[in-house]
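Scroll down for the structure; my scribbles are underneath it.
For the numbers below, each heavy atom of this structure counts, side chains included, while hydrogens, waters and symmetry mates do not. Proteins come first, then strands; the chains are lettered A, B, ... in the order of their sequence lines, and each starts at number 1.
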Amino acid sequence: VVVVLIAGCGGGGDGGTSERPALMVSAASSLKTALIAYGERFDGADAKFSFAGSDELAAQIEQGVKPDVFASANTNLPDALHAEKLVEKPVVFAANRLVLAVPADSTKVSSVDDLVGADVDLVVGAEAVPVGAYTRRVLSALGRETSGRILSRVRSNEPDVAGIVGKLTQGAADAGFVYATDVAGAGGRLRAIELPGELQPRVAYGVAVVRGAKHPEQARAFVRGLLSGAGSEELREAGFERPPAGG
Amino acid sequence: MRRGGFTVLLTVALAVALVFLTLPVVAIFVDVGPGELLSGLDDPAAVDALRLSLECTVAALAIIVVVGTPAAYLLATREFRGKAIVVTLIELPLVLPPAVAGIGLLAALGPKGLLGGAGPDLVLTTAGVIVALVFVAAPFHLRQAQAAFAAVDPAWLDASRTLGASPARTFARVAVPAALPGLVAGLALAWGRALGEFGATLMFAGSFRGVTQTVPLAIYERFSTDFTGALALAAVLVAVSAALLAAVKLVVRTDVSGVPAR
C-alpha cells in the first residue's frame, strides 16, 4: 500500500507535465556545474540536487535523510556510510586536483611559499569537509613549523568550497585552497596556482546509491552515466579527471 | 451539537500546531541525556562560540539602542513627507532572507563593494559579525520602539515642554521612561534575532573560532562531526531564547496591567 501511495504521489507531483520521477541527488558543492549540466541531459528521471559540504550531506544521511544518490568529494565518507549499511557499494567516478586559488587580479601570492609571509589572508575549508581535510594534509607535508605558520593566516574555515570561492572572488581574502575545477568554473575571476607534485593529495570522488532510495533503478542509471556517458562527458567538460585506474 | 463540532475542530488544530511547533525543541533535550548535553559544552571551541555570541550580540544591541531609539522617537512623534517610505525601508531587513542580507552586506561594505573598502576592514572580522547582527536585528527594535513612543500620551510631552524642559530632556526624562516596557520588549526580540543569526554572518564574516564563529555557526560545523555537541549548543540557544521570550511576555504584561504608558 505504501509503495502505491508513493508512486501515486510522484505521478501527481509532476503535475502531469511528464512521467519522470524526481531523483534526489545529494552532491559535494564542487560538483555543482558538472552535475547540473548532466542533470539536464539525464533521461531517466528529473534530477534534483542538494549541494553542500560532503560531510554535511553524509551527516544528513546518518540522521535518516534518504536521497537517491550521494556523491562525495572523497571516498571515506561514502565508504563509511557503506560500512554502516546506509548506502550501496560506492564507486570512484572522478578525480580532481587541489590548487591554491587567488583572485585573478591579485599578485600578492604566487606560490605556496608566499603563504608564510605576513599580511596574507587565507580561507580554507573546515576540517570536517573534504577540501579542508585535503588542505590540512598538504600543509602537514610542509612540516609542523611551516604548516603552523600558514594555518595562523587562516581567517575563515568555510563549510564548503562555495564559501571559499565566494570569499576569494569578493576580495575578502588573498588565497584559498580549492579544487582545480572550482577555479575553472569561476569564470576567470580566480587564478590557480598548481601545487608541487609531491604535495598533491589523491582527490577521488565516490558515489553511491542510497539504501532505501525511492528510485533505485534511476539512481543506478544516474551513477552509470557518471562512469561513462553524459555524466562522464560533463565531468571532463568541467575539468574533472578520470578516476584513477583500479579505483 | 454543531457548535461542539466546531470547538473540537479548533482544539484539534491547536493540538496539531502545539505538537508540531514544540516537538523539535523537545527533541533537542530528549535526544541525548542532560549529562551528555553538559559534557558537549565542555569543549573550548563551544565556550569560545558562546563567549563570542554574547559579546557580539551585546555590542550589536548597544548600537541598536543608541542609534535606533532616537530614530524611532523621531518616526513616532513627527510627521514628514515620505515617512511611510522611510518606515518601510528600515523594516525591509525583517523580511529579507539571511543569504540576501549577507550578499548585500558584501556588495555594500566588502572590499569590492559600493563603498569600495573605504571604511575599516569588516569582512572576516568580529566587527563584521556585529555589523551583520545590527543589520538583521535593528528593525525589530525600531519597529517596537516606534510603536511604544507613539503610545505615549502627547499631552505628557507637551506638559514637559510647557514646564520648560528642553526637547532632549523631555525625550530622556518623559518619553523613554513612559515607553520603557515597549523598548525593552523590542530589544529582547532584537537580541533573540541576533543570537540566531547564521547566513549573513557566514557570508560576510566567515567562520573562525573565537573571531567570527558564533554559536549558530558552531552548531552547523559540529553537525557533521559531533551531533551531541551540536545539540548541546542548540540547547543553550533554546534556553536563552526562551528566557528572552518570557521576559518580553512579562514586560508587556506589566505594561498592559497598569503603570505609565498606555
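Residues B/Phe227 and A/Glu62 fail the side-chain proximity criterion, which asks for heavy atoms closer than 4.5 Å. With contacts defined as side-chain heavy-atom distances shorter than 4.5 Å, the pair A/Glu158/B/Leu202 qualifies.
Atom CZ of A/Arg149 sits in a sparse spot, with 12 or fewer heavy atoms from other residues, nucleotides or ligands closer than 6.0 Å. Counting non-hydrogen atoms of other residues, nucleotides and ligands closer than 6.0 Å to CZ of A/Arg153 gives a total above 12. Around CD of A/Gln63, the count of heavy atoms belonging to other residues, nucleotides or ligands within 6.0 Å exceeds 12. In the displayed structure, B/Ile85 atom CD1 is contacted under 6.0 Å by at most 12 heavy atoms of other residues, nucleotides or ligands. For CD1 of B/Ile90, the number of neighbouring non-hydrogen atoms (other residues, nucleotides, ligands) closer than 6.0 Å is greater than 12.
Proximity to chain B is limited to the side chain of A/Val123, based on heavy atoms less than 4.5 angstrom apart. With a threshold of 4.5 angstrom between heavy atoms, A/Asp160 does not approach chain B through any atom at all.
With respect to chain A, the highest number of heavy-atom pairs below 4.5 Å among B/Ile103, B/Val211, B/Leu124, B/Thr212 belongs to B/Leu124. Interface summary for chain B: among A/Ala126, A/Pro159, A/Ala58, A/Ala128, the most heavy-atom pairs under 4.5 angstrom belong to A/Pro159.
Between the CE atom of B/Met203 and the NZ atom of A/Lys167 there is a distance of 7.0 Å, given to the nearest 0.5 Å. Here the straight-line distance linking atom CG of A/Asp121 with atom CG of B/Asp121 works out to 7.0 Å at 0.5 Å rounding.
Shortest non-hydrogen contact noted between A/Ser156 and B/Ser207 is OG-N, 2.7 Å. Closest of all the heavy-atom pairs between B/Phe208 and A/Arg155 is CB-O, 3.3 Å. Of all the heavy atoms in A/Thr169 and B/Lys112, the pair that sits closest is O-NZ, 3.1 Å.
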